[in-house]
Amino acid sequence: MIEFLHISKSFQGKEILHDVSLSVEEGQTVCIIGASGCGKTTLLRCIAGLESNHRSQLSAVSCQLKAKIGMVFQKFNLFENMNVLDNLTFAPIHVLNMKKEDAERLAMEHLKMVGMSERVAYYPNQLSSGQQQRVAIARCLVMKPELLLLDEPLSSLDPISRSEVMDVLRIIKKDITMIMVSHDLDAVAELADRVIFVNNGSICEEGKPEQILSLPLKEETRHFINSRKNLFYTIKSHDFDRPELNARIEHYCNRFGLGGQAHRFVQLAVEESLNIIPLDNKVELVLSKKNDEVRMSLDLTFDDTGHDCLNEENVSEENFLSLNILQGLCDIIEEKVEKDMRHIHLELNQERLLLR
């Protein structure tokens, strides 16, 4: 077991981490989740020894392993003036005093493992983000770390690059102890043996992924999980920022690697819905995707109008086309009233979400 005890860190008088302690079993993958700015990356840097901390203690096992901790940074941190092979051989040669031919043989083994053996002569600026990330992982592994730290290894990757990096993470998970910071809850659900939720610089809740991601005990954890799984948007008037909403819908669809046309389909469903319902008062919009299915729901909540907005008899002539389009876009359309609030629930057509 590797333990990190009583880690605290402040910047310019502001406490970022407060008395954080965590342990990792050998061969275990621990994923750390939490809102941006909660201290996740700072915690990784403290564990890696890249940040001094005000009050910390490492177990005896941790002290022995300190030199065998590798970290993959969110921005890759590859040497821009070196090609892929030189990026991997630099540390083994200059830090481990390895012979060049042995370092190159080791580097090629790891580049083959991450699917980058044909890019040995490329420089970082000639690689995609996903390729750079795979090289960065291989560069860490050639140093034979016993603990691998990964800071958002899947962030800002397109669906194809994400899939390639996930393939690498699935492979290395079998052979190395890992602590990974990630906002990608689907990746966390698949890779993690244990999940830690950090809130305001402290560990708020931890447990198995199925418990933390599906049935969290703390209100703070539930709020965070829901905010990551769903897109929430509040409309307060007719002149709300439509381009902003469309951009958020596109980003949301891309997060799940849906079809190339999926976001346009979802944007159209949202637009036609908003054409029909009143926008005089606040409208709460929630877009959600079921975990293991290509199925997306759109929920709209607003003050009760006194009549069914999606009933053909109540739709104005100018909005009748919008209703017809909406009926074609959705497999399920439901409308009900609870506590003076009207709720519209739409299940979007699954086949359209898969269109490329």
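Each residue takes its place number in the sequence, starting with 1. Please read all numbers here as calculations on a predicted model, not as lab measurements.
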Check: Distance only, no hydrogens: is a donor on one side chain within 3.5 Å (strictly under) of an acceptor on the other, for His307 and Asn314?
Finding: no
Next item on the list: Just jot down the side-chain hydrogen bond (donor to acceptor under 3.5 Å, both in side chains) partners of Asp308, sequence neighbours excluded, or say none.
Entry: Arg342
Checklist line | side-chain hydrogen bond (donor to acceptor under 3.5 Å, both in side chains) partners for Ser117, two or more places apart | finding: none
Check: Do Ser322 and Asn319 have side-chain atoms, one donor and one acceptor, less than 3.5 Å apart?
Finding: no
Notebook entry, point to check: Around Phe240, counting heavy atoms of other residues, nucleotides and ligands shown, do more than 12 lie under 6.0 Å from its CZ?
Noted result: yes
Item checked: Short N-O contact, Asp304 and Lys339, less than 4.0 angstrom -> no
Checklist line | ring pair (Phe, Tyr, Trp, His ring centres under 6.0 Å) against Tyr252, all qualifying residues, sequence neighbours excluded | finding: Phe256
Item checked: Co-members of the apolar cluster containing Leu217 [side chain, <4.5 Å] -> none
Check: Other than Ile332, what residues sit in its cluster of Ile, Leu, Val, Met, Phe, Trp and Tyr side chains whose heavy atoms are under 4.5 Å apart, directly or through others?
Finding: none
Note to self: Looking only at the side chains, is there a donor atom on one of His263 and Asn246 sitting less than 3.5 Å from an acceptor on the other?
What the structure shows: no
Next item on the list: Answer yes when Arg194 and Glu25 have at least one side-chain N-carboxylate O distance shorter than 4.0 Å, and no when they do not.
Entry: no
Next item on the list: Decide whether Tyr233 and Glu244 meet the rule of one side-chain donor and one side-chain acceptor closer than 3.5 Å.
Entry: yes
Note to self: I'd like to check the salt bridge (charged side-chain N to carboxylate O under 4.0 Å, His left out) partners of Glu338; sequence neighbours left out, ordered by chain and number.
What the structure shows: Lys336
Next item on the list: Give the other cluster members for Met82, using side-chain heavy-atom distances under 4.5 Å between Ile, Leu, Val, Met, Phe, Trp and Tyr residues; answer none if it is isolated.
Entry: Phe79, Phe90
Item checked: Check: Glu347/Ser297 side-chain N/O donor and acceptor closer than 3.5 Å -> yes
Check: Salt-bridged, Glu250 to Arg248, with N to O below 4.0 Å?
Finding: no
Next item on the list: Scan side-chain atoms only and decide if Ser8 and His18 contain a donor-acceptor pair under the 3.5 Å cut-off.
Entry: no
Next item on the list: Taking atom types as modelled, find out whether Glu284 and Thr234 have a side-chain donor-acceptor pair closer than 3.5 angstrom.
Entry: yes
Next item on the list: Keeping to residues at least two apart or across chains, list the side-chain hydrogen bond (donor to acceptor under 3.5 Å, both in side chains) pairs with something in residues 37-50.
Entry: Thr41-Asp151, Arg45-Glu51
Margin query: Would you say CG of Asn199 has more than 12 non-hydrogen atoms from neighbouring residues, nucleotides or ligands within 6.0 angstrom?
Written below: yes
Check: Can a donor-acceptor pair be found between the side chains of Asp184 and Ser182 at a distance below 3.5 Å?
Finding: no
Note to self: Tell me if a side-chain donor or acceptor on Gln133 pairs with a main-chain N or O of Val165 at a distance below 3.5 Å.
What the structure shows: no
Margin query: The criterion is side-chain hydrogen bond (donor to acceptor under 3.5 Å, both in side chains); which residues satisfy it with Gln211, sequence neighbours excluded?
Written below: Glu205
Check: Can any side-chain N or O of Arg134 pair as donor or acceptor with the backbone N or O of Val114 at less than 3.5 Å?
Finding: yes
Next item on the list: Go through the structure and list residues passing salt bridge (charged side-chain N to carboxylate O under 4.0 Å, His left out) with Lys208, not counting sequence neighbours.
Entry: none
Side-chain polar contacts of residues 105-113 - donor-acceptor pairs under 3.5 angstrom, sequence neighbours left out - could you list them?
from, atom 1, to, atom 2, distance (Å)
Arg105, NH1, Asp102, OD1, 3.4
Arg105, NH2, Asp102, OD1, 2.7
His110, ND1, Leu106, O, 3.0

Check: Residues two or more places apart in sequence or in another chain: which of them pass side-chain hydrogen bond (donor to acceptor under 3.5 Å, both in side chains) with Glu219?
Finding: Arg222
Notebook entry, point to check: Is a side-chain donor-acceptor pair under 3.5 Å present for His183 with Glu152?
Noted result: yes
Notebook entry, point to check: Does NZ or CZ of Lys9 come closer than 6.0 Å to the centre of the six-membered ring of Phe11, within 45° of the ring's axis?
Noted result: yes
